[in-house]
> 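First the structure, then my questions, so here it is.
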Amino acid sequence: MIPFLDLAAAYRELRTEIDAAIHRVLDSGWYILGSEVDAFEAEWAAYCEADHAVGLANGLDALILALRALDIGAGDEVIVPSNTYIATWLAVTAVGARPVPVEPDPATHNIDPARIAAAITPATRALLPVHLYGQPADLDPILALARQHSLSVIEDAAQAHGACYKGRRIGAHGDVVCWSFYPGKNLGALGDGGAVTTNRADLADRIRVLRNYGSRVKYVNELQGVNSRLDPIQAAVLQAKLPHLDAWNDRRRAIAGAYAEGLRDSGLILPHVPDWAEPVWHLYVVRSPDRDGLQKRLAGAGVGSLIHYPIPPHMQEAYADLSLAPDALPLARDLAGEVFSLPMGPQLPPADAVQVIDAVRAAV
Ligand SMILES: *Cc1c(COP(=O)(O)O)cnc(C)c1O
């Protein structure tokens, strides 16, 4: 059996460092914010080539607090990809704003910059691209549109730890960049975690206050904040893991290279990488009109796969109130019916990747 992802293998690889990090926090007697969170924030900001990082409870909160820090709420519109994990949309509706979906470039599955201008209205406040599957969105035209229309840019980088756009790390191209450290992400905690990175001191400061009850000084509350603090135990685990992130992303790249070579003439539509993109292969997503049959035959051969994502946000019951018909966003609808993700992760043995290739070739 080759599982889609083996998180216990990731823990085993670094057991000594991770156990020591956890015990350091347990012994410290300091269990909320403090030096472990400060230290990880400094390391994460440096890694992302950003001036500031703020540790948060999860990636959804990172998006919500980014929107709140920019004063985006009721009556405002935010442009989002039609093809994304639902968290991107949930953040927008959580602050009372309206998600305005834009269809993807069918080659990359990322938001198509050429379609964004037509979706901008006087109510638009921000563009919210997602670096989907660890592949950077085409940021330059997005940033140019934002400048032209005085909009903010919030990046959903929950799948893109370490990815580069035109040679520069994802982390501070837009106004604020949102991260998740959910266990399965390229940099994952042993529980929930999140962060924002930014070069804007005003936004970092506002999010820092918002995450802690709107308080800078204990029992003095300047904003109606929330409790969304990165746990110091998770901050310590993330410090132990961060020095390995580049090597792990290299292993993902090697697997993606093997898949690209081994499946080149298989009939599957393989991921397209623009020449300015350095993706980190959070997911290796392939496309076929016979997706459901293929997935079943692969499962029969002992190869796990998952669908990212089977129902696009506009077709979810949660967004029935937006009254978007399935055909309103046909590209997102069609991708959801045809994509699936092959096993991918730094702990996937290269021999297993070869077995996946053989199983896929036999299944098509
Ligand atoms: C994982 C993810 C999120 C949410 O992160 P959580 O930490 O699970 O809240 C948001 N956007 C995308 C694209 C994600 O993949």
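Here, residue 1 is the first one in the sequence, and each next residue gets the next number. Counting starts at 1 for both ligands and their atoms, following the listed order. Since the model is a prediction, treat every value here as computed from it, not as a measurement.
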> Side chains of N110 and D138: any donor to acceptor distance under 3.5 Å?
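Checked: D138/N110 side chains show no N/O donor-acceptor pair below 3.5 Å.
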> Hey, mind stepping through L263 and R361 against side-chain contact (heavy atoms from CB on, under 4.5 Å) and telling me if it holds?
CA-CA 7 Å; L263 300 174; R361 294 184 68 92; 4.0 Å; yes
> Is it true that, when you exclude K166 itself, more than 12 heavy atoms of the residues, nucleotides or ligands shown sit nearer than 6.0 Å to its NZ?
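Enclosed: over 12 neighbouring heavy atoms sit under 6.0 Å from NZ of K166.
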> Does a donor on one side chain and an acceptor on the other come within less than 3.5 Å for W179 and T197?
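Per modelled atom types, W179 and T197 side chains form a pair under 3.5 Å.
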> Sequence neighbours left out, what passes ring pair (Phe, Tyr, Trp, His ring centres under 6.0 Å) with W276? Give chain and number order.
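Partners of W276 under the ring pair (Phe, Tyr, Trp, His ring centres under 6.0 Å) test: Y165.
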> Looking only at atom types and distance, does a side-chain atom of R252 sit under 3.5 Å from a main-chain N or O of P346, one as donor and one as acceptor?
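No; zero donor-acceptor contacts below 3.5 Å.
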> Which N or O atoms of ligand 1 sit under 3.5 Å from a protein N or O, and how far apart is each pair?
| from | atom 1 | to | atom 2 | distance (Å) |
| --- | --- | --- | --- | --- |
| ligand 1 | 5 (O) | S180 | OG | 3.2 |
| ligand 1 | 7 (O) | G59 | N | 2.8 |
| ligand 1 | 7 (O) | S180 | OG | 2.7 |
| ligand 1 | 9 (O) | G59 | N | 3.3 |
| ligand 1 | 9 (O) | L60 | N | 2.9 |
| ligand 1 | 11 (N) | D156 | OD1 | 3.3 |
| ligand 1 | 11 (N) | D156 | OD2 | 2.8 |
| ligand 1 | 15 (O) | Q159 | NE2 | 2.8 |
| ligand 1 | 15 (O) | K185 | NZ | 2.7 |

